[in-house]
Amino acid sequence: RPRVLSGIQPTADSFHFGNYLGALRQWIALQDEYDAYYCIVDLHAITMEHDPDTLRERTYRSAAQLIALGIDVSKSALFVQSHVPEHAQLAWVLSCITGFGEASRMTQFKDKSAKGGTERATVGLFTYPVLQAADILLYNADRVPVGEDQRQHLELTRDLAGRFNHRFGDTFRLPAPHIVAQTAKIVDLQDPTIKMSKSASSPAGIVDLLDDPKRSAKKIRSAVTDSGTEIRFDEENKPGVSNLLTIYSTLTGRAVADLEQAYADKGYGHLKVDLADIVVDAVTPIRERTSELLADRAELDRMLAAGARKARDVAADTLAEVYRRVGFVGRVR
Ligand code: TYM
C-alpha cells in the first residue's frame with residue numbers, strides 16, 4: 001500500500017481551523033487507503049523558546065485532539081517524533097547534503113527569525129526543514145498532506161531525496177505534496193489577507209478546536225468581510241466572505257456554488273449566524289472527546305507507544321540503509 005506521512009507541532013493548547021481544515025481532515029481521509037504515519041513533532045517544537053511542562057501537556061493534548069478528530073490508532077501509526085530517534089539521526093545525514101544557501105532561502109525560517117534577527121535565531125530553527133525532510137523520507141512517504149505554507153519545505157525534501165539518490169544510489173522515494181486547493185490557506189477572521197496562524201493572528205482571528213464553542217460562534221459572527229453585500233466566492237476581492245464559504249462548505253460537504261445560490265438574497269449576517277451554528281455543532285463533540293481522552297494519560301501513553309513501535313520498524317530499516325549507503329561501517333553485535 002502507498003504511504004502517507006504528516007506532522008504537526010504541539011505548540012499550542014489547541015489546534016485551530018487552519019490546521020484542521022487545511023491538513024488534519026486530509027490526514028483522516030487518507031488513512032483508509034494509505035499506510036499512514038502521523039507524527040507529533042516535538043523536536044520541531046523546541047526550535048523556538050518553550051516551557052518544558054507546557055510542551056509535555058501540549059503533546060498529550062495534540063494526541064488527544066488527533067484521536068478525537070478521527071485518527072484511528074488501529075489503522076494509522078500515531079506517534080511522538082522524539083520516541084523515534086531515527087528522525088534526528090537521518091536529519092544529521094541530510095544536513096550534510098543541504099546547502100547553507102539552500103537552507104537560508106526557506107521563507108518560514110526568514111519569517112520566524114525576523115523578530116529577533118538571524119543573530120538570535122537558533123541553529124535548530126535554521127535546520128528545521130532538514131528535520132522535516134527526515135520525517136518524510138524515513139517512511140518513504142508517497143504523499144504528504146499539508147497546507148500551502150509547507151510547500152517550500154516539501155520541495156526541499158524532494159531536492160534532498162533526489163540528491164541523496166544521485167550521490168549514493170536509489171534509496172528514497174520522492175514524496176508528493178497533498179495540498180487540497182480549497183482549504184490550503186484558511187485565513188484569519190479579522191484580517192483575511194493573512195493566513196490563520198498562532199504566531200500572526202490575534203485571538204479574535206483564530207477559531208480553536210478546543211475553545212468554548214460560544215466564543216468560537218462569536219468569532220465567526222464578528223468575522224471581517226467587506227463593504228459589499230453579495231455572498232460570492234471571490235478570494236481576490238472578497239477574501240473574508242470566501243473564507244467563510246470555504247469553512248461552511250468543508251464542514252457541511254455542500255458545494256460553494258450551492259451555498260452562493262442558497263444565500264443569493266441574504267445578507268452577510270445571515271451567513272455568519274448559520275455558520276456559527278455549524279461550527280458549534282462541529283467542535284462540540286471534538287472538544288468533549290478530547291477531554292475524555294485526556295482524562296486517561298496511561299491509555300494515551302499506550303497508544304503512542306504502539307504508534308512509535310510501528311513507526312520504528314520502518315524508520316530503523318531506512319536509517320540502516322542510509323548508513324550503509326554513505327559508507328558507515330556496520331556495528332557488529
Ligand atoms: P504546523 O504545525 O504549523 O501546522 C500543521 C498543519 O496545518 C497546516 N496549516 C494550515 N493549512 C491551511 N490554512 C492555514 N491557515 C494553516 N495553518 C496551518 C500546515 O500547513 C500543516 O500541514 N513544519 C510543519 C510540521 C511538520 C511536518 C513534518 C509536516 C514537521 N514535520 C513532516 C509534514 C511532514 C508545521 O510546522 O506544521
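Each ligand, and each atom within it, is numbered from 1 in the order the structure gives. Numbering starts at 1 and runs along the sequence shown.
Put simply, the side chain of N243 gets close to the backbone of V187: a donor and an acceptor are under 3.5 Å apart. In this structure, the side chain of S14 engages the main chain of L209 through a donor-acceptor pair within 3.5 Å. Remark: the backbone N or O of R61 is paired with a side-chain donor or acceptor of Q65 at under 3.5 angstrom. Of the possible polar contacts, none joining the K238 side chain to the R232 backbone as a donor-acceptor pair under 3.5 Å is found.
Counting only heavy atoms of the protein, atom 13 (N) of ligand 1 lies nearest to I186 N, 2.9 Å. Summary of contacts: the protein heavy atom closest to atom 37 (O) of ligand 1 is Q150 NE2, 4.0 Å. The protein heavy atom nearest to atom 35 (C) of ligand 1 is Y128 OH, 3.5 Å. Considering only non-hydrogen protein atoms, atom 4 (O) of ligand 1 sits nearest to N19 ND2, 3.4 Å. Here the heavy atom of the protein found nearest to atom 31 (N) of ligand 1 is D135 OD2, 2.6 Å. Nearest to atom 27 (C) of ligand 1 among the protein's heavy atoms is Q132 NE2, 3.5 Å.
Ligand-side atoms of ligand 1 in range of T183: 12 (C), range being under 4.0 angstrom from any heavy atom. In summary, the atoms of ligand 1 found under 4.0 Å from a heavy atom of I8, numbered by their order in the structure, are 2 (O), 5 (C). Taking every heavy atom of M196 and a limit of under 4.0 angstrom, the matching atoms of ligand 1 come to 14 (C), 15 (N), 17 (N). Per-residue contacts place A184 under 4.0 angstrom from the following atoms of ligand 1 (heavy atoms of the residue considered): 11 (N), 12 (C), 13 (N). Counting the atoms of ligand 1 from 1 in the order shown, those under 4.0 Å from a heavy atom of V144 are 33 (C), 34 (C). Each of the following atoms of ligand 1 lies closer than 4.0 Å to a heavy atom of V41: 30 (C), 31 (N). Which parts of ligand 1 touch L5 is read off a 4.0 Å heavy-atom cut-off, strictly below it: atoms 32 (C), 34 (C).
Of the listed residues (A23, A134, G7), the one carrying the non-hydrogen atom nearest atom 26 (C) of ligand 1 is G7. For atom 19 (C) of ligand 1, the choice among V146, D149, I40 with the nearest heavy atom turns out to be D149. The nearest non-hydrogen atom to atom 9 (N) of ligand 1, considering only P129, G18, A200, G22, comes from G18.
With hydrogens and angles left out, the side-chain atoms of S202 and Q190 include no donor and acceptor closer than 3.5 Å. A donor and an acceptor atom, one from each side chain of Q108 and D149, are nowhere located under 3.5 Å apart.
Aromatic ring centres of Y139 and H87: separated by under 6.0 Å. Taking the centre of each ring, Y248 and Y263 come in below the 6.0 Å mark. Outside the 6.0 Å centre-distance limit, the rings of Y20 and F15 are not counted as a close aromatic pair. In this structure, F126 has its ring center closer than 6.0 angstrom to the ring center of F100.
L24 does not count as a contact of ligand 1, since none of its heavy atoms falls under 4.0 Å from the ligand. Ligand 1 lies less than 4.0 angstrom from a heavy atom belonging to H16. Using a non-hydrogen distance threshold of 4.0 Å, S6 registers as a contact of ligand 1.
Between D211 and the choices K219, R287, H16, the side-chain hydrogen bond (donor to acceptor under 3.5 Å, both in side chains) rule is met once, by K219. Just one residue in the list T229, T225, D226 forms a side-chain hydrogen bond (donor to acceptor under 3.5 Å, both in side chains) with Y268, and that residue is D226. Applying side-chain hydrogen bond (donor to acceptor under 3.5 Å, both in side chains) to R143 and the options H178, Q26, E33 leaves one that passes, H178.
An N or O contact shorter than 3.5 Å is missing between H153 and ligand 1 by distance. Of the N or O atoms in Q9, one or more lie within a sub-3.5 Å distance of an N or O in ligand 1. Close N/O approach between E148 and ligand 1 is not found [any backbone or side-chain N/O within under 3.5 Å].
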